[in-house]
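Structure first, commentary second.
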Amino acid sequence: MGRMREGVLMVVVLVLALVCALGVKGDASDHRYKEGERVPLYANKVGPFHNPSETYRYYDLPFCAPENAADKKEALGEILNGDRLVDAPYELNFREDKQSKTICKKTLSKEDVAKLRDAVSKDYYFQMYYDDLPLWGFLGKFDKEKLDPTEYKYLLFKHIHFDVAYNDDRVIEINVHSEPNLAVDITEDKEVDVEFSYSVSWKKTDIPFEKRMEKYSKSSSMPQHLEIHWFSIINSCVTVLLLTGFLATILMRVLKNDFIKYSHDEESLEDQEETGWKYIHGDVFRFPKHKSLFSAVIGSGTQLLALAIFIFLLAIVGVFYPYNRGALFTALVVIYALTSGIAGYTATSFYLQLEGTNWVRNLLLTGVLFCGPLFLTFSFLNTVAIAYSATAALPFGTILVIILIWTLVTAPLLVLGGVAGKNSKTEFQAPCRTTKYPREIPPLPWYRGTVPQMAMAGFLPFSAIYIELYYIFASVWGHKIYTIYSILFIVFIILIIVTAFITVALTYFQLAVEDHEWWWRSVLCGGSTGIFIFCYCLYYYHARSDMSGFMQTSFFFGYMACVCYGFFLMLGTVGFRASLLFVRHIYRSIKCE
């Protein structure tokens, strides 16, 4: 156990180091400028507004490009986020107003016009970063005055205006406006001469530099949104209280009656056949089938729970402020790698407690149980992104870095955790001896089956989080910003509590009908919330979003399937751990022969 504590302490120290690293800005600039000095402006990406994963490089469209446009060096998290920053064609020098400055005059070929018309029809937007402040705008618009889509009029904006606010020698705010009156008609397939231009106006503001990012997080903390979030929490808390009260009342009364019956009627028990959960005391601690897979599930689930807790801690500390590009992805990759020792230790020590023999194979299974499906999904989706020439396609160098992290950090820590688990030599604590031959499980009604029980187990935890799920989906798969991490953490804790309680209740009812195969059932019932979340994905895609196209659809369902699978493992582990504590407690309270 001492080695395990040292390992956990090491993970905490490394996570704190990661906090410091993520808190540092990617730019070397101190964000102070003199009048007339060049302020860095990077064009990031373009893409359909309703398909957030389908983004392309800015110069994939026939825009004016500066000579020797250089790509900005990006961190791992920025590349995973699909960011590809490159020098923008506009010059926005500090406190230097400009009136209709021409970038270039360009003759658009028929192919260029067709490409831009297609982009305008799909509501393409562009994203840029000016002194690390994000800004967005649309490429054009199309008039829907006529009902027939073939008669729509497509307009390309050729002039944009930048409004920049400053305080002393720092940039505080930037907004971009397109001029609808200065637009060129690209409805027909013919060559078009376009003069692209821009203008800049500067104004003074009293907003301090430290608060310049607050405007991006205000939308999620507006009173009407906060009311919905608090309603979500109150709804969840009421669910928890009702469930807790129900379980406490039912289980305490039933268990109290059971304990009284089993303690006072010991003389008559010799003449009277035992019934209920005490009847199966010789089978309840019989180890489950597929021990290696079971231990791998518990190990991977424990690691994912640790990962979620560390991510929440970083979020509450304030690391993931809006548009800290790629910070979340960097944290996920690094913390997952650092917590792999937890999976190795938990899986191996539990596997040996279950009297398993091939702990090396168990360790390999633990290593690929979550990473394997994730890697296969990533390989398919990255191939799709390459086919689309999208920025979501990871360069070979980035894939190599991730493989090196897995090889040099994840795998060694997994093995070290496994060795520590093997050397821990802890024995499984079973209050009752297991009989040599298992009792036969009596015939049970259909609603006592695994699938109906999973449906009952997953519904309550899902009902506690479904309101918050919409905001998370709108942030991850849309353009809304989510910053109320404290509320999300409370909802997460409620989710864990409800999952534990409902699984314990269903485990008791299972044992009460003399069904002693509760090990896998508790994992499946606990993890069933992940299946409900995936069903919500189907609803969100069809009813709450405007996503379309093969790439966006495959990205949405591919990565959400991996997330839901992760939830299944994590909550399944929570359900099993809670059930194991409960089962040990009730059988310790009676005399087992």
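Taking the charged nitrogens against the carboxylate oxygens, Asp83 and Lys45 do have a contact shorter than 4.0 Å, which makes a salt bridge.
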Met560 vs Trp477, test: side chain to side chain contact (heavy atoms under 4.5 Å, CB included). Steps then yes/no.
CA-CA 10 Å; Met560 283 314 301; Trp477 299 106; 3.4 Å; yes
Steps toward side chain to side chain contact (heavy atoms under 4.5 Å, CB included) verdict (Ser486, Ile484)
CA-CA 6 Å; Ser486 52; Ile484 318 173; 4.3 Å; yes
Apply the test salt bridge (charged side-chain N to carboxylate O under 4.0 Å, His left out) to residues Arg117 and Asp189: give CA-CA distance (whole Å), side-chain angles for both, the deciding distance (0.1 Å), then the verdict.
CA-CA 9 Å; Arg117 184 172 62 248; Asp189 274 333; 2.8 Å; yes
Verdict with reasoning, Arg84 to Asp60, per salt bridge (charged side-chain N to carboxylate O under 4.0 Å, His left out):
CA-CA 12 Å; Arg84 303 291 185 272; Asp60 282 354; over 6 Å; no
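Remark: Lys122 engages Asp118 in a side-chain hydrogen bond (donor to acceptor under 3.5 Å, both in side chains) (not counting sequence neighbours).
The closest side-chain donor-acceptor pair between Thr410 and Ser340, if any, does not fall under 3.5 angstrom. Under 3.5 Å, the side chains of Glu468 and Tyr482 contain a donor-acceptor pair of N or O atoms.
How far CD of Glu191 is from CG of Leu108: 9.0 Å, rounded to the nearest 0.5 Å.
Pairing of Cys537 with Cys564 by a disulfide is not supported, the SG atoms lying 2.5 Å or further apart.
The side-chain tip of Arg544 does not point at the ring of Phe473 from less than 6.0 angstrom away and within 45° of straight on.
In this pair, Tyr559 and Phe555 present their aromatic rings perpendicular. The plane angle is above 60°, beyond the 30 to 60° band. Between Phe126 and Tyr58, the two ring planes are perpendicular [angle over 60°; tilted spans 30° to 60°]. Ring orientation note: the planes of Phe532 and Phe462 are tilted relative to one another, at an angle of 30° to 60°. Relative orientation of the Phe94 and Tyr33 rings is tilted, given thresholds of 30° and 60° on the angle between their planes. By the 30° and 60° cut-offs, the orientation of the rings of Phe370 relative to Tyr336 is tilted.
Exactly one residue among Arg38, Arg170, Arg212 makes a salt bridge (Lys or Arg N to Asp or Glu O under 4.0 Å) with Asp131. That residue is Arg212. Under the ring pair (Phe, Tyr, Trp, His ring centres under 6.0 Å) test applied with Phe138, the options Phe49, Tyr125, Phe157 reduce to a single match, Phe49.
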